[in-house]
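Structure first, commentary second.
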Amino acid sequence: MNRPLVLGTPEEFRADRLLDVLIPTRNRPAELAVTLSGLAAQDGVPGFGVVVSDQSDGDPAYAHPAAASMVRALRHRGHPVLLTRRLPRRGLAEHRAYLLAASAARYVLNLDDDIWLEPGAVHRLVTAIGELGCGFVGNGVHGLSYADDVRPESHGHYEEWIGPPTPERIRPDTPEWNRARIHSAANLLHITQHLALPPGAWRAYKVSWIGGCVLYDRAKLVDAGGFDFWRRVQEKHQGEDVAAQLSVLARYGGAGILPSGAYHLESPTTVTDRDVEAWEVVLADEDSPQPA
């Protein structure tokens with residue numbers, strides 16, 4: 001029988017580390033356990049921290065024996081873990097802002113609670129952002145139930161960066177916005193297979209935004225406003241990650257990284273109320289005429 005799980009304290013957790021992983025979760029104990037198991041198997045980035053913030057309707061997901069065991073495994077391998085609850089819920093963007101404020105690390109990996117990362121994925125992302133010097137890098141997620149569903153019409157949106165990424169102002173109804181289509185189904189898996197990269201090699205490609213697994217330079221994310229726009233959007237929204245990434249792209253640039261080591265668990269979403277796209281609100285504010 002599991003003994004009580006130590007939650008940790010914000011004061012003990014917040015430290016000057018290379019990397020913290022930030023995981024928001026709600027009503028997903030099984031998925032969270034899988035996500036944490038992927039992190040526990042990472043190597044090449046010793047001592048990264050993990051923050052789990054739970055908004056479940058009942059008991060927190062990290063209290064489930066499987067998830068609790070993975071928390072212990074992470075700590076056993078030298079990774080500080082902070083377990084928190086953020087209630088009442090005030091929307092996805094507020095939850096992201098809360099997690100971001102918990103970290104003082106150089107880099108923060110925003111990782112959804114339904115993503116399994118293969119060994120080496122975190123090291124590759126940290127290596128990439130260090131070499132590229134941009135605001136964020138990310139792994140688009142594979143849906144392996146689509147592994148046999150090849151969509152060559154979407155592969156044409158793949159375009160590699162030649163040299164470091166540069167700032168880009170991305171807006172809807174532009175060719176650049178359509179880059180997001182390469183992140184559907186298993187498109188990235190098929191593109192990677194076609195590239196036939198040698199072991200250890202990776203490529204940076206142009207994006208409009210990436211969902212599920214995004215590594216930010218924390219200072220650059222904060223400088224671009226982070227998720228502070230949560231006060232301007234109603235609670236029932238989605239697209240908060242898009243809004244933040246568009247702001248970072250405009251100032252510092254960003255990139256997707258192949259191969260992607262992120263795999264979507266393809267569980268039903270827990271975000272069922274999606275009345276507003278947060279990025280639409282943020283772009284409307286940014287693009288509105290300013291008083292003279």
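The model shown is predicted, which means the values in this text are computed figures rather than measured ones.
Checking side-chain atoms of Thr35 against main-chain N and O of Trp116 turns up no donor-acceptor pair under 3.5 Å. A donor-acceptor contact shorter than 3.5 Å links the side chain of Gln42 to the backbone of Glu118. A donor-acceptor contact shorter than 3.5 Å links the side chain of Ser260 to the backbone of Gly140. Side chain of Ser103 to main chain of Ala105: a donor-acceptor pair is present (N/O by atom type, distance under 3.5 Å, no hydrogens or angles). Between the side chain of Gln55 and the main chain of Pro88, no donor-acceptor pair closer than 3.5 Å is present. Side-chain N or O atoms of Arg203 include none that pairs as donor or acceptor with a backbone N or O of Leu195 at under 3.5 Å. With hydrogens and angles disregarded, a donor-acceptor distance shorter than 3.5 Å links the side chain of His237 to the backbone of Glu235. Not a single donor-acceptor pair under 3.5 Å links the side chain of Asp113 to the backbone N or O of Arg28. In this structure, the side chain of Arg106 does not engage the main chain of Leu18 through any donor-acceptor pair within 3.5 Å. Asp114 places no side-chain N or O within donor-acceptor distance of the main-chain N or O of Glu266, the cut-off being under 3.5 Å.
His155 and His190 have tilted rings, their planes meeting at an angle from 30° to 60° on a 0 to 90° scale. Ring-plane geometry between Phe229 and Phe227 is classed as tilted, the angle between the planes lying from 30 to 60 degrees on a 0 to 90 degree scale.
For Trp279 and Trp177, the ring centers sit closer than 6.0 Å to each other.
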request  = Kindly indicate, with the supporting measurements, whether the criterion side-chain contact (heavy atoms from CB on, under 4.5 Å) is fulfilled by Thr166 and Trp161.
outcome  = CA-CA 9 Å; Thr166 55; Trp161 279 107; 3.6 Å; yes
key: Candidate pair Leu19 and Val122, rule side-chain contact (heavy atoms from CB on, under 4.5 Å), full reasoning   = CA-CA 10 Å; Leu19 170 67; Val122 171; 3.5 Å; yes
message = side-chain contact (heavy atoms from CB on, under 4.5 Å) for Val50 and Leu39? Distances and angles first, verdict last.
response = CA-CA 9 Å; Val50 180; Leu39 290 175; 4.2 Å; yes
key: side-chain contact (heavy atoms from CB on, under 4.5 Å) evaluation trace for Val6 with Val71   = CA-CA 10 Å; Val6 175; Val71 169; over 6 Å; no
ask   = Please walk me through it: do Asp223 and Tyr252 pass side-chain hydrogen bond (donor to acceptor under 3.5 Å, both in side chains)?
value = CA-CA 10 Å; Asp223 182 65; Tyr252 299 106; 2.6 Å; yes
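The side-chain heavy atoms of Ile257 and Leu132, taken from C-beta on, include a pair separated by under 4.5 Å. For the pair Val282/Leu246, no side-chain contact is recorded, criterion being any heavy-atom separation below 4.5 Å from C-beta on. With contacts defined as side-chain heavy-atom distances shorter than 4.5 Å, the pair Tyr263/Leu144 qualifies. Residues Arg251 and Val248 are not in side-chain contact: their nearest non-hydrogen atoms beyond the backbone lie 4.5 Å or more apart. A heavy-atom distance below 4.5 Å is not found between the side chains of Arg75 and Pro80. Taking 4.5 Å as the limit, every side-chain heavy atom of Tyr107 sits out of range of all side-chain heavy atoms of Arg218. Contact annotation: the side chain of Leu109 never approaches that of Asp20 to less than 4.5 Å [non-hydrogen atoms, C-beta and beyond]. Side-chain contact between Tyr62 and Val81 is absent, with no heavy-atom pair separated by less than 4.5 Å.
Cluster annotation: Ile210 and Ile23 are assigned to distinct hydrophobic clusters (Ile/Leu/Val/Met/Phe/Trp/Tyr, side-chain heavy-atom contacts under 4.5 Å, transitive). Tracing side-chain contacts under 4.5 Å through hydrophobic residues (I, L, V, M, F, W, Y), one reaches Val222 starting from Val51; they form part of the same cluster. Grouping the Ile, Leu, Val, Met, Phe, Trp and Tyr side chains by contacts below 4.5 angstrom, directly or via other members, places Leu111 apart from Leu82. Both Tyr216 and Ile170 are members of a single hydrophobic cluster when ILVMFWY side chains are connected at heavy-atom separations under 4.5 Å. Grouping the Ile, Leu, Val, Met, Phe, Trp and Tyr side chains by contacts below 4.5 angstrom, directly or via other members, places Tyr158 with Val214.
Remark: Asp173 does not engage Arg171 in a salt bridge, criterion side-chain N to carboxylate O under 4.0 Å. Residues Asp112 and Arg96 are paired through a salt bridge, judged by an N-O separation under 4.0 Å between the basic side chain and the carboxylate. Of the charged side-chain nitrogens involved, none lies within less than 4.0 Å of a carboxylate oxygen, so that Arg86 and Asp54 do not count as a salt-bridged pair. Ionic pairing of Lys206 and Glu168 is not present here: no N-O contact between side-chain nitrogen and carboxylate oxygen is shorter than 4.0 angstrom. Here Glu31 does not pair with Arg26 in a salt bridge; the nearest charged N to carboxylate O distance is not below 4.0 Å.
Rounding to the nearest 0.5 Å places CG of Leu188 at 11.0 Å from CD of Gln193. If you take OG on Ser154 and CD1 on Ile182, they are separated by 9.0 Å, rounding to the nearest 0.5 Å. Summarising the geometry, atom OG belonging to Ser208 is positioned 8.5 Å from atom CD belonging to Gln245; distances are rounded to the nearest 0.5 Å. Rounding to the nearest 0.5 Å places CG of Leu7 at 10.5 Å from CZ of Arg85. In this structure, CG in Asn110 is found 12.0 Å from CD1 in Ile115, a value given to the nearest 0.5 Å. Rounding to the nearest 0.5 angstrom, the gap separating the CG atom in Asp43 from the CZ atom in Arg77 is 6.5 Å.
Minimum interatomic distance between Leu125 and Gly138 (heavy atoms only, all atoms of both residues): CD2-C, 4.0 Å. Heavy-atom minimum distance, His264 versus Val141: CB-CG2, 3.9 Å. Looking at every heavy atom in both residues, Ala185 comes nearest to Arg151 through CB-CZ, 3.7 Å. Between His79 and Val45, the shortest heavy-atom distance links the atoms CE1-O, 3.9 Å. Annotation for Ala262 and Asn139: closest pair CB-CB, 3.9 Å, computed over non-hydrogen atoms. Residues Gly261 and Arg124 come closest through the heavy atom pair N-NH2, 3.7 Å.
Residues Glu159 and Tyr205 have side chains that never bring a donor and an acceptor to within less than 3.5 angstrom of each other. Side chain to side chain, Asp57 and Asn27 meet the donor-acceptor criterion of an N or O pair below 3.5 Å.
With a 6.0 Å radius and a threshold of 12 heavy atoms from other residues, nucleotides or ligands, Tyr146 has its OH atom at or below the threshold.
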